[in-house]
Amino acid sequence: MFLHYGDLSDSVNLVKLLYELKLDEIYHLGAQSHVRVSFDIPEYTADVTGLGTIRILEAIREAGIRSKFYQASSSEMFGKVQEVPQTEVTPFWPRSPYGVAKVFAYWATVNYRESYGLCASNGILFNHESPRRGETFVTRKITRAVAAIKHGLQKELFLGNLEARRDWGYAPEYVEGMWRILQQDEGDDFVMATNETHTIREFLDLAFGRVDLDWKEYVKHGVRYERPAEVDLLIGNPEKAKRVLAWEPKVLFPELVQIMVDADMEALSRRDAKEHLGRLP
Ligand code: GDD
């Protein structure tokens, strides 16, 4: 593997890179991807998350190559949901600058497929989590706090809206799904989801319960984590991905929570052990 320098805001560099590399497959996962943050930096989010996508698509065209293109589209595009569960034909109603930018990128991908015959596809992925999830997203924020509280290193956890419902799956399976999408001969759009939805409260119940703690003793309300507009309910129907790609999620909600809590507990135990060894005479 080789890491090249590049930037989604720099089209000349993208054209040069794609011309030199002549890739078979491009997985475009780059974005300012934090929904809450997108309310603070909307213009930057539109530039990188929205325009960044059209810069890559245009770079493929300019470089005269035929790379297959995967766009990381998001369940956030459904926002104020118009249908339950959401499918590939549910209309979008984004509720954040991030969601708006992703809708732009989604249609740019469809448009380049229709205009120039690119093999360009959208994976409309619902939330996908793992122990490698960024620490400011709610699942990992919770599982890290559970481990820290259990180890006596943290006393409280500030969270925003606990009533939101999300369709949470296991990220490694979704990455395989992305690969399956690009193994198709034609570009297309696919929802990837578990078809289950759970509140943040339910996540808290399972995560704290895993280490025999009651979250109500530790969780406090942090107004700064509320969003100006919330996405209340997400639940996706992955029927098309099952039928066409033979893709199906196997790790469901309780197991996902366990995997994440256990990984953070393990990481802290290792750190504790190291610090303990460091203190030995
Ligand atoms: N981050 C965060 N922090 N979210 C909180 C908190 C908190 O302290 N308290 C409550 N929440 C709620 C949010 O309001 C939201 O309803 C829900 O938890 C999930 O928030 P995130 O984990 O930040 O994820 P997201 O659903 O907004 O977006 C993620 O998933 C999308 C779909 O796959 C991101 O990864 C997006 O980039 C992605 O497109």
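Read the numbers this way: they start at 1 and go in the same order the structure lists the ligands and their atoms.
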* Parallel, tilted or perpendicular: ring planes of Tyr218 versus Phe208, cut at 30 and 60 degrees -> parallel

* To do: Going by heavy-atom distance to atom 23 (O) of ligand 1, choose the closest among Lys141, His34, Arg227.
  => Arg227

* Taking atom types as modelled, find out whether Tyr174 and Glu176 have a side-chain donor-acceptor pair closer than 3.5 angstrom. => no

* Nearest neighbour in protein (non-hydrogen) for atom 15 (C) of ligand 1 -> Arg166 NH2, 3.4 Å

* Counting heavy atoms not belonging to Lys22, are there more than 12 under 6.0 Å from its NZ? -> yes

* Asked: Is the NZ atom of Lys16 crowded by more than 12 outside heavy atoms at less than 6.0 Å?
  -> no

* Hey, is Arg133 one of the residues with a heavy atom under 4.0 angstrom from ligand 1? -> yes

* Asked: Considering only heavy atoms of Phe126, which atoms of ligand 1 have at least one such atom less than 4.0 Å away?
  -> 33 (O)

* Could you tell me whether the side chains of Gln32 and His34 share a donor-acceptor contact shorter than 3.5 Å? => no

* Structure fact -> of all protein heavy atoms, closest to atom 10 (C) of ligand 1 is Asn161 O, 3.2 Å

* **Tyr98 and ligand 1 - part of the residue with a heavy-atom distance under 4.0 Å** => side chain

* To do: Between Thr49, Val35, Leu125, Thr136, flag the one that comes closest to atom 2 (C) of ligand 1 by a heavy atom.
  => Thr136

* Asked: Which residue supplies the protein heavy atom nearest to atom 22 (O) of ligand 1, what is that atom called, and how far is it?
  -> Val138 N, 2.8 Å

* Asked: Of all the atoms in ligand 1, which lie at a distance below 4.0 Å from a heavy atom belonging to Ser74?
  -> 31 (C), 32 (C), 38 (C), 39 (O)

* Nearest-neighbour protein heavy atom for atom 18 (O) of ligand 1, which is reported as residue plus atom name and distance -> Ile200 CD1, 3.2 Å

* Asked: With atoms numbered from 1 as shown, which atoms in ligand 1 lie under 4.0 angstrom from a non-hydrogen atom of Gly160?
  -> 6 (C), 8 (O), 9 (N), 10 (C)

* **Salt bridge Glu88-Lys240, side-chain N to carboxylate O under 4.0 Å** => no

* Structure fact -> Here the atoms of ligand 1 under 4.0 Å from any heavy atom belonging to Glu230 are 13 (C), 14 (O), 15 (C), 16 (O)

* **Heteroatom distance test (Ala164, ligand 1): nitrogen or oxygen, under 3.5 angstrom** => no

* Do any heavy atoms of Glu76 fall under 4.0 Å from ligand 1? -> yes

* What residue and heavy atom of the protein are closest to atom 24 (O) of ligand 1, and at what distance? -> Asn127 ND2, 3.6 Å

* **For atom 37 (O) of ligand 1, closest protein heavy-atom neighbour** => Ser33 O, 2.6 Å

* **Test of ring centre spacing under 6.0 Å for Trp168 and Phe203** => yes

* Asked: At a non-hydrogen distance cut-off of under 4.0 Å, which region of Lys102 contacts ligand 1 (side chain, backbone, both, or neither)?
  -> neither

* Asked: Less than 6.0 Å separating the ring centroids of Phe39 and Tyr98?
  -> no

* To do: Identify, for atom 32 (C) of ligand 1, the protein heavy atom at the shortest distance, and state residue, atom and that distance.
  => Ser75 OG, 3.3 Å

* Under 3.5 Å, is there a donor-acceptor pair linking the side chains of Thr143 and Asp264? -> yes

* To do: Examine His128 together with Phe126 and report whether their ring centres are nearer than 6.0 Å.
  => no

* Asked: Between the side chains of Thr199 and Glu163, does any donor sit under 3.5 Å from an acceptor?
  -> no

